[in-house]
Amino acid sequence: MPYTKPFTETALTSTAGLLRLGRIPYLNSEPFFAFLSESAAQCVDLVPRDLGMAAGRGEIDAGLMAVADWFRLDKSFRPLGPWGIAVPRKALSVFLLTKQPLKELNRGVISVTDESSTSFALARILLRQKYGLRVSYRRGAYKGALGRLVIGDEALRIAAAPPKGWELVDLGEEWFEWTGLPFVFAHWVVRVTVPEKTVVLLSGLMETALHRGMAGLSEIAERRSNDLGLTQEQALQYLQNFVYELGPQEEIALGVFRKLCSEL
């Protein structure tokens, strides 16, 4: 049965009223949200890029934010705690689809999903600095594209039934082979104007929710696997690939990626 214990008896509030919590509706975010009561906050489902834009407009008080957006908004948001979404090596749901070797993409066009912020920055960094390629990018579908960047649940569905003739290049693995570091895709952050009492309550909420989520990975996998074209075991193995509590190596990786993003 779903875990429904309220995370607090008191509504979480910000300067705008009830706390507005950005929630990424991807399988890899489920350990944070699957057993989270919504009785004390207003949860808003947004893909990573949309969440970042909503936060920039002042419409989100806290959430699991793509790190590329957090770098851009770091004067308005601070880390909530040591929580995020990272991979030690393979991302398993961030792919560059291509029919040609990467070195043959030079001067070509890559189409980019409208959902991505961090993965888009990662692709640009890898293709330019690791491979020395000069390519152009187009958001959305582009008929003449030599490659396509896909992320999240869409990438999982594609990986479950790869299109014939296309290679799936895992950008997490590309990063690891280049830097020897894990990669952090998202970080839990909170708006700097949120009252400290609310931040403390929210921090406790997330710690409890993640603890319950990690204990319930099999339940999450069972519930979500069918709509993604995965077996329950595949969904579970995917979830077990992620690091949700960031440590020293993830912090180093964040610093390296932030520097590279600033050089874009």
Side-chain angles (χ1 to χ4, degrees), residues 24-29 47-50 52 66-69 71 85-186 227-231 234-235 237-239 241-242 253 256-264:
I24 298 174
Y26 292 165
L27 177 58
N28 61 8
S29 303
V47 296
R49 184 171 178 241
D50 289 349
V67 295
D69 289 322
F71 298 159
I85 293 182
V87 292
R89 187 164 183 155
K90 290 187 176 183
L92 301 179
S93 57
V94 177
F95 298 116
L96 181 62
L97 276 69
T98 174
K99 289 185 176 181
Q100 299 150 289
L102 290 183
K103 63 182 180 180
E104 295 181 14
L105 299 180
N106 199 39
R107 306 295 179 182
V109 176
I110 304 294
S111 69
V112 178
T113 170
D114 287 329
E115 299 182 5
S116 174
S117 292
T118 297
S119 299
F120 182 24
L122 176 60
R124 292 167 64 196
I125 288 166
L126 289 171
L127 292 181
R128 182 69 185 97
Q129 300 210 30
K130 181 179 180 181
Y131 288 100
L133 304 179
R134 295 186 179 276
V135 300
S136 301
Y137 300 91
R138 300 287 187 275
R139 287 280 187 185
Y142 184 75
K143 187 175 180 180
L146 298 182
R148 178 185 172 204
L149 176 66
V150 293
I151 69 169
D153 289 359
E154 179 190 11
L156 279 177
R157 294 186 180 96
I158 290 173
K164 187 176 180 179
W166 290 80
E167 179 186 358
L168 277 65
V169 179
D170 189 305
L171 295 192
E173 186 163 34
E174 288 288 327
W175 169 265
F176 178 84
E177 290 175 351
W178 188 43
T179 66
L181 292 168
F183 191 79
V184 182
F185 286 97
D227 71 293
L228 295 171
L230 305 175
T231 66
Q234 287 172 330
Q237 289 176 353
Y238 172 73
L239 288 167
N241 179 62
F242 290 92
V256 172
F257 184 59
R258 182 169 192 150
K259 182 177 184 296
L260 290 168
C261 283
S262 71
E263 295 170 358
L264 284 177

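If you're wondering where the values come from, they're calculated on a predicted model, not measured in any experiment.
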Worksheet item: Got a second to check how far Ile85's CD1 is from Ser29's OG, nearest 0.5 Å?
Response: 3.5 Å
Response to the item:
Note: Phe176 and Pro88 closest approach over all heavy atoms is CD1-O, 3.5 Å
Worksheet entry | Nearest non-hydrogen partners of Pro48 and Asp69, listed with the distance | O-OD2, 3.6 Å
Worksheet item: Quick one: does NZ or CZ of Arg139 land under 6.0 Å from the six-membered ring centre of Tyr137, within 45 degrees of the ring axis?
Response: no
Worksheet item: Rounded to the nearest 0.5 Å, how far apart are NZ of Lys130 and CG of Leu260?
Response: 13.0 Å
Discussion item. Holding to side chain to side chain donor-acceptor pair (under 3.5 Å), I want the full list of residues that pass it with Lys90, two or more places apart in sequence or in another chain.
Written reply: none
Under 3.5 Å, side-chain donor or acceptor atoms of residues 100-109 against the rest of the protein: list the pairs with distances, not counting sequence neighbours.
{"unit_1": "Asn106", "atom_1": "OD1", "unit_2": "Arg134", "atom_2": "N", "d": "2.7"}

Worksheet item: What do the steps show when you test Arg49 against Glu115 for salt bridge (charged side-chain N to carboxylate O under 4.0 Å, His left out), and what is the final call?
Response: CA-CA 5 Å; Arg49 184 171 178 241; Glu115 299 182 5; over 6 Å; no
Item to complete: Report the relative orientation of the aromatic rings in Phe257 and Phe71; use parallel for angles under 30°, tilted for 30 to 60°, perpendicular for over 60°.
Response: tilted
Practice prompt. Search all heavy atoms of Tyr238 against all heavy atoms of Ser93 and return the closest pair with its distance.
Written response: OH-OG, 2.6 Å
Item to complete: Step by step, work out the salt bridge (charged side-chain N to carboxylate O under 4.0 Å, His left out) result for Arg128 and Glu263.
Response: CA-CA 11 Å; Arg128 182 69 185 97; Glu263 295 170 358; over 6 Å; no
Worksheet item: Is Asp153 reaching over with its side chain to a backbone N or O of Leu27, donor-acceptor style, under 3.5 angstrom?
Response: yes
Practice prompt. Using atom types as modelled and distance alone, determine if a side-chain donor or acceptor of Arg157 lies under 3.5 Å from a backbone N or O of Asp227.
Written response: yes
Worksheet entry | Qualifying residue, where the test is side-chain contact (heavy atoms from CB on, under 4.5 Å) with Val169 and the options are Thr98, Val94, Leu126 | Thr98
Worksheet item: Going through the checks in order, is the side-chain contact (heavy atoms from CB on, under 4.5 Å) test met by Phe185 and Leu122?
Response: CA-CA 9 Å; Phe185 286 97; Leu122 176 60; 4.3 Å; yes
Item to complete: Please round to the nearest 0.5 Å and tell me the distance separating atom OG1 of Thr118 and atom CZ of Phe183.
Response: 6.0 Å
Response to the item:
Sorted by chain and residue number, the side chain to side chain donor-acceptor pair (under 3.5 Å) partners of Arg138 (sequence neighbours excluded) come out as none
Fill in: Least distance between heavy atoms, Pro163 atom then Ile158 atom
CD-CG2, 3.7 Å
Worksheet item: Minimum heavy-atom separation for Phe242 to Ala91, with atom names?
Response: CZ-O, 3.8 Å
Worksheet item: For the residue pair Pro162 and Ala160, what are the closest heavy atoms and their distance?
Response: CD-C, 3.8 Å
Item to complete: Please examine the side chains of Val47 and Tyr26, heavy atoms only from C-beta on, and report whether any two atoms are closer than 4.5 Å.
Response: yes
